[in-house]
Amino acid sequence: MRASYPLAILAILLLFIIGCGQQDAERWKDTAEPQYESAEFESSTGEVGNTLLWKGEKEKPDPKQTLSSTAARAFADTSRKFIHTADLRFRTKDLVQSTFQIEALVARFDGYVANTTLNSHVDHVYTTPISADSLLETTKYTVTNRVTIRIPSANLDTTLKSLIQHVDFLDHRTITATDVQLMLLGNRMTTERVAKHEERVTEAIDEQGKKLRETVTAEEKLLDRQEQADKARMQNLELQDRIAFSTITLDLYQRQDIRREVLANEHNIERYEPGFFSQVAEALENGWELLLSFLVFLAGSWSVVLIGIGAFLLLRRLFRRVS
């Protein structure tokens, strides 16, 4: 029995060593093998799929998602009231076409275009003489458009994402979310306070009876209080409208374009008149052509010339006989 104790102790030690080795191997395996997790993604075509990411690694943001922002999204906390505004300036490839498409996009998201101003700004105009009586006018211009859009606040983030397709180069993007909860509360308190004061002033007017001066003064104060209440109500209505509909201001432009047109040169025609020697050469050429034309005329009129010569000789002989 005593001889079996060392063997039992040795067996226990071997089992402990083997167990520790298996735990170390599993730890090494956990650190050596890459740890992945599934992440859902959406492609540019709208298809949804899955990709594998390292555990703890955040998915890289898409550069095209720069127009979206958490400031443009609705919050779950309904106690807060936000006014959302967005200001964007970017270049498009075809401004007129992009303008029409953006207007259709706004209508699809239940919004409306509050203002749009499309301009062609002339950067430079110059003329180039191309002939004695013609000029080539070159106009370099840039087409711009400033658009003000009102969109339901729930559709603001979706609208900003939909504008990505029209962006050729983004200059800047500013999105603001202003909490106006306290302003609404202050206007509401003003309205209630003025209403209570109006009741007291009305009672005082009724009690004064025929005291005209005091009655007029009290009614003037009552009118001032009513104007304050109306102003507070109008401010609240304006704030509620701005809360319900966000405002997007777009500054659109495209690359500088060139327009060319051939015009008549009416002012500098003197500089294209021929010089003296050119005029002499032209006169000699015209004289030679006139001489050739005369010879052709004589050749064509030989019968008349022959009759004239015969008549001349006959008359000459007759005059000699008479003399």
Side-chain angles (χ1 to χ4, degrees), residues 44 62-69 71-72 84-109 111-151 156 158-176 242 245-283 285-286:
S44 59
D62 188 353
K64 292 186 177 181
Q65 301 298 326
T66 54
L67 295 186
S68 178
S69 173
H84 296 88
T85 58
D87 184 13
L88 291 85
R89 176 177 171 82
F90 57 87
R91 184 182 67 204
T92 64
K93 295 182 178 179
D94 189 337
L95 186 138
V96 176
Q97 182 179 1
S98 295
T99 298
F100 293 153
Q101 293 178 356
I102 289 173
E103 290 175 354
L105 176 69
V106 171
R108 189 165 68 248
F109 289 125
Y112 65 94
V113 178
N115 182 39
T116 175
T117 305
L118 194 148
N119 291 316
S120 293
H121 182 265
V122 178
D123 301 321
H124 186 52
V125 179
Y126 60 92
T127 57
T128 305
I130 58 175
S131 66
D133 60 350
S134 301
L135 294 173
L136 180 64
E137 183 185 65
T138 303
T139 304
K140 295 183 177 180
Y141 64 97
T142 304
V143 182
T144 61
N145 190 11
R146 184 173 180 85
V147 186
T148 302
I149 299 170
R150 299 296 306 280
I151 203 78
L156 176 60
T158 306
T159 303
L160 292 176
K161 290 180 179 179
S162 300
L163 292 174
I164 296 172
Q165 57 183 324
H166 303 287
V167 177
D168 185 37
F169 179 81
L170 179 65
D171 290 61
H172 72 262
R173 182 217 67 174
T174 304
I175 300 177
T176 305
R242 295 174 63 187
F245 278 79
S246 301
T247 302
I248 304 177
T249 303
L250 303 178
D251 276 327
L252 312 177
Y253 68 97
Q254 67 182 33
R255 290 184 181 273
Q256 188 183 67
D257 206 348
I258 297 177
R259 180 178 182 269
R260 292 186 174 93
E261 184 179 3
V262 178
L263 304 176
N265 186 1
E266 300 176 354
H267 301 287
N268 298 326
I269 193 66
E270 293 82 5
R271 60 180 295 186
Y272 293 101
E273 292 182 353
F276 172 75
F277 294 102
S278 299
Q279 293 180 8
V280 170
E282 186 177 358
E285 184 179 358
N286 293 336

- Note on the structure: Residues at least two apart in sequence or cross-chain that pass ring-ring contact (aromatic ring centres under 6.0 Å, His included) with His124, listed by chain then number, are Tyr126
- Message: So, taking the atom named CD1 in Ile175 and the one named NE2 in His84, what distance separates them when rounded to the nearest 0.5 Å?
- Response: 9.5 Å
- Note on the structure: CG of Leu163 to CG of Leu250, rounded to nearest 0.5 Å, is 6.0 Å
- Message: Keeping Gln254 on the side-chain end and Val143 on the backbone end, is there a donor-acceptor pair under 3.5 Å?
- Response: no
Would you check if [X] and [Y] make a side-chain contact, meaning some heavy-atom pair closer than 4.5 Å?
| X | Y | answer |
| --- | --- | --- |
| Glu137 | Val125 | yes |
| Thr159 | Ile149 | no |
| Ile151 | Phe245 | no |
| Leu160 | Ile248 | yes |

Can you name the side-chain hydrogen bond (donor to acceptor under 3.5 Å, both in side chains) partners of [X], sequence neighbours left out?
| X | result |
| --- | --- |
| Asp171 | Tyr253 |
| Ser162 | none |
| Asp257 | Tyr141 |
| Thr144 | none |

Run the side-chain contact (heavy atoms from CB on, under 4.5 Å) test against [X] and tell me which residues pass, sequence neighbours left out.
| X | value |
| --- | --- |
| Ala114 | Tyr112, Thr148, Arg150 |
| Arg146 | Thr249, Asp251 |
| Ser98 | Thr92, His166 |
| Gln97 | Asp94, Gln101 |

Counterpart residues, salt bridge (charged side-chain N to carboxylate O under 4.0 Å, His left out), relative to [X] (two or more places apart):
| X | result |
| --- | --- |
| Asp123 | none |
| Arg259 | Glu261 |
| Asp168 | Arg91 |

Can you name the closest pair of heavy atoms from [X] and [Y] and give their distance?
| X | Y | value |
| --- | --- | --- |
| Ser246 | Leu156 | OG-CD2, 3.8 Å |
| Leu135 | Pro129 | CD2-CA, 3.6 Å |
| Leu170 | Val167 | N-CG1, 3.9 Å |
| His172 | Thr174 | CD2-OG1, 4.1 Å |

